[in-house]
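Values below: all heavy atoms of this structure, side chains included; hydrogens, waters and symmetry mates excluded. We name chains A, B, ... by the order of the sequence lines, and we start the count at 1 in each one.
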Amino acid sequence: MRIATWNVNSLSVRLPQVLDWLKANPVDVLGLQELKLTDDKFPYDAFEAEGYHAVTYGQKTYNGVALITRKPADDVVRNIPSHEDVQARVIAGTVETHTGPLRVINCYFVNGQEPGSEKFTYKMKWLGALENWVRGEMQKHPRLIVMGDFNVAPEDRDSFDPVGLKDTIHHTVEERTYFQNMIGLGLTDAYRMFEQPEKSYSWWDYRMLGFQKNRGLRIDHILVSDALKGSVSACTIDRAPRKNKQPSDHAPVIVTLD
DNA sequence: ATGGCCTCAGATTGAGGA
């Protein structure tokens, strides 16, 4: 089975591209981020027509997440329990698979704007709350995936300019420490389980011909629990949709579980 | 040159993204 994550940067604008991508890549689970629309505007019918269920947690203008699944998702949770938040950033659900239930936590992590800013403080608090919650979820759901737009480039090799961008947003020690703390809970970055091309990124700035020059960051991740690790047979970034007209600035990341 | 581009709300600009 295949599970994917994609920050679509407005589902209203990107819906045709998402549907086209699903036709070409009929994954079992697709986590979407940055819907930028409320649930009453979510195009449930369009996904149903492609054979998918959708559970959503939308918001006007900003943020918003969804899980698009072949089989209905159960035990759906929206945002981090016990963490008060007006921003819709998390949707989790459990789907049945031929090897047992699979818990998927799909997240749009806080951007943080700039170290030292209020938004950065909010990012750190949010990351701490997520870590605490995921620690408990791992106990309840051994077969767990945490995925989404992490807004963190975990290592220097995940950035097109680790020297010039040192200590800037996505690159700070604080953010990278939180990423490693998540790994320390017993999760593995599926992409780094395999040999990958040099300069592999999942996001490219719209400006400055970022994609054409491959000036990007790898900030979209799929983390798998130890119980799943043995069945992971591939993890790739699909750069193709970034070449579309009116693309999202993010590319989908896909993991294959046997 | 500290901005370049894209989206949204709602206005002819500003916020936010990363």
Exercise. Verify whether one side chain among R143(A) and T97(A) offers a donor that lies under 3.5 Å from an acceptor in the other.
Key: yes

Any side-chain N or O of [X] under 4.0 Å from OP1/OP2 of [N]?
X	N	answer
N151(A)	dA18(B)	yes
N7(A)	dA18(B)	yes
H250(A)	dA18(B)	yes
S10(A)	dC8(B)	yes

Quiz prompt | Pairing of R218(A) and D189(A) as salt bridge, 4.0 angstrom limit | solution = yes

Please give, in whole Å, the distance from [N] [atom2] to [X] [atom1]?
X	N	atom1	atom2	result
Q33(A)	dG17(B)	CD	P	14 Å
W203(A)	dG17(B)	CH2	C1'	9 Å
F120(A)	dG16(B)	CZ	P	17 Å
E34(A)	dC6(B)	CD	P	15 Å
Q246(A)	dC6(B)	CD	C1'	9 Å
F150(A)	dG17(B)	CZ	C1'	18 Å
R207(A)	dG16(B)	CZ	P	15 Å
L15(A)	dT7(B)	CG	P	14 Å

Quiz prompt | Nearest listed nucleotide, side chain of K60(A), among dA9(B), dG17(B), dC8(B) | solution = dA9(B)

Practice problem: Kindly point out which of dC6(B), dG16(B), dA18(B) is positioned nearest to the side chain of K119(A)? | Solution: dG16(B)

[atom1]-based separation of [M] from [N] [nearest Å]:
N	M	atom1	result
dC6(B)	dG10(B)	P	23 Å
dT2(B)	dA18(B)	C1'	15 Å
dG14(B)	dG3(B)	P	13 Å

Exercise. Please evaluate the base of dA18(B) for a donor-acceptor partner in the side chain of N111(A) within a cut-off of under 3.5 Å?
Key: yes

Practice problem: Pick base, sugar-phosphate or nothing for F109(A), based on heavy-atom distances below 4.0 Å to the nucleic acid. | Solution: nothing

Quiz item: Checking all strands, does R14(A) fall into the base, sugar-phosphate, or nothing category for heavy-atom contacts under 4.0 angstrom?
Solution: sugar-phosphate

Practice problem: Assign the ring pair F109(A) / F150(A) to parallel, tilted or perpendicular, where the plane angle (0 to 90°) is split at 30° and 60°. | Solution: parallel

Quiz prompt | Aromatic plane relationship, F42(A) with F47(A) - under 30° parallel, 30 to 60° tilted, over 60° perpendicular | solution = parallel

Quiz item: Is W204(A) linked to I254(A) within one hydrophobic cluster, defined over Ile, Leu, Val, Met, Phe, Trp and Tyr using a side-chain heavy-atom separation of less than 4.5 Å?
Solution: no

